[in-house]
Amino acid sequence: MRLVDLYREMLHVTDEALVDELVRVSEFRALKAGEQLIGQGKLPSHVYFLLEGVLRGFIIDINGKDLTDCIIFRFGEPAMPDNDVTRPASITVEALTDCELVCVPIDQVQRLLH
């Protein structure tokens, strides 16, 4: 699927100029199984959308045990730890399988939202 289709069909962006700009600022990122996308407490630098693979979000409890918070597996699903991208991540997001993602720098997302 092309990025144009991702933004039109999965994210329902209808403004063609906005779709073109999103495609222009988008990047691809590959993760190997076991790699972290975003670590708990880290400030995200990009907004990620899953193209292929499986991710999980988890926290470490006070006893050192990891607790799965979410599983991300659907094409086009946001792969973000929180809705507020201006705050440090409340969970760690890691790849359970090899993954491919599309990402947009947060400063570009904020620019486009304004």
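Each residue takes its place number in the sequence, starting with 1.
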Problem set entry | Criterion side chain to side chain contact (heavy atoms under 4.5 Å, CB included) on Val47 and Val109, from CA distance to verdict | CA-CA 8 Å; Val47 173; Val109 171; 3.9 Å; yes
Problem set entry | Shared hydrophobic cluster for Leu31 and Phe73 (ILVMFWY, side-chain gaps under 4.5 Å) | no
Problem set entry | Criterion side chain to side chain contact (heavy atoms under 4.5 Å, CB included) on Ile71 and Leu55, from CA distance to verdict | CA-CA 6 Å; Ile71 301 288; Leu55 299 159; over 6 Å; no
For this session: Please name the pair of heavy atoms, one in Ala89 and one in Pro81, separated by the smallest distance, quoted to 0.1 Å.
Result: CB-CG, 3.5 Å
For this session: Mind checking side chain to side chain contact (heavy atoms under 4.5 Å, CB included) for Ile60 and listing every partner two or more places apart, or none if nothing turns up?
Result: Phe58, Asp66
Exercise. From Leu50 CG over to Phe75 CZ, what is the distance, rounded to the nearest 0.5 angstrom?
Worked result: 8.5 Å
For this session: Would you please name every residue forming a ring-ring contact (aromatic ring centres under 6.0 Å, His included) with Tyr48, sequence neighbours left out?
Result: His46
For this session: Assess whether atom CG of Asn83 is packed by more than 12 heavy atoms of other residues, nucleotides or ligands within 6.0 Å.
Result: no
Exercise. Residues two or more places apart in sequence or in another chain: which of them pass side chain to side chain contact (heavy atoms under 4.5 Å, CB included) with Leu11?
Worked result: Tyr7, Val13, Phe49
For this session: For Glu35, enumerate each residue passing the salt bridge (Lys or Arg N to Asp or Glu O under 4.0 Å) test, keeping only those at least two apart in sequence or located in another chain.
Result: none
Seminar exercise, completed: Sequence neighbours excluded, the answer for salt bridge (Lys or Arg N to Asp or Glu O under 4.0 Å) partners of Arg29 is none
For this session: Kindly check if the number of other-residue, nucleotide or ligand heavy atoms within 6.0 Å of CD (Glu100) is above 12?
Result: yes
Seminar exercise, completed: When rounded to the nearest 0.5 Å, the distance separating CZ of Arg8 from CG of Leu22 is 11.5 Å
Problem set entry | Test log, rule side chain to side chain contact (heavy atoms under 4.5 Å, CB included), inputs Val102 and Glu27 | CA-CA 6 Å; Val102 64; Glu27 305 165 10; over 6 Å; no
For this session: Linking directly or through intermediates, with side-chain heavy atoms under 4.5 Å: list the remaining ILVMFWY members grouped with Ile62, chain and number order.
Result: none
With a cut-off of 3.5 Å and sequence neighbours excluded, list every side-chain donor-acceptor pair involving residues 91-99.
from  : atom 1 : to    : atom 2 : distance (Å)
Thr92 : OG1    : Gln40 : N      : 2.9
Glu94 : OE2    : Arg56 : NE     : 2.8
Glu94 : OE2    : Arg56 : NH2    : 3.2
Thr97 : OG1    : Val54 : N      : 2.9
Asp98 : OD1    : Ala33 : N      : 2.9

Problem set entry | Partner residues of Asp107 under the side chain to side chain contact (heavy atoms under 4.5 Å, CB included) criterion, sequence neighbours left out | Pro105
Seminar exercise, completed: Between Ala79 and Leu101 the two heavy atoms that sit nearest each other are CB-CD2, 3.8 Å
For this session: Would you kindly confirm whether Leu6 and Val4 end up in one hydrophobic cluster when ILVMFWY residues are joined by side chain heavy atoms under 4.5 Å apart?
Result: yes
Seminar exercise, completed: Separation between OG (Ser90) and CG (Asp82), nearest 0.5 Å, reads 3.5 Å
Problem set entry | Partner set under side chain to side chain donor-acceptor pair (under 3.5 Å) for Gln108, not counting sequence neighbours | Arg111
For this session: Name all residues meeting the side chain to side chain contact (heavy atoms under 4.5 Å, CB included) criterion together with Asp61; count only those two or more places apart in sequence or in a different chain, and write none if there are none.
Result: Asn63, Lys65, Leu67
Seminar exercise, completed: Residues at least two apart in sequence or cross-chain that pass salt bridge (Lys or Arg N to Asp or Glu O under 4.0 Å) with Arg87, listed by chain then number, are none
Exercise. With Gln36, which residues qualify under side chain to side chain donor-acceptor pair (under 3.5 Å), at least two apart?
Worked result: none
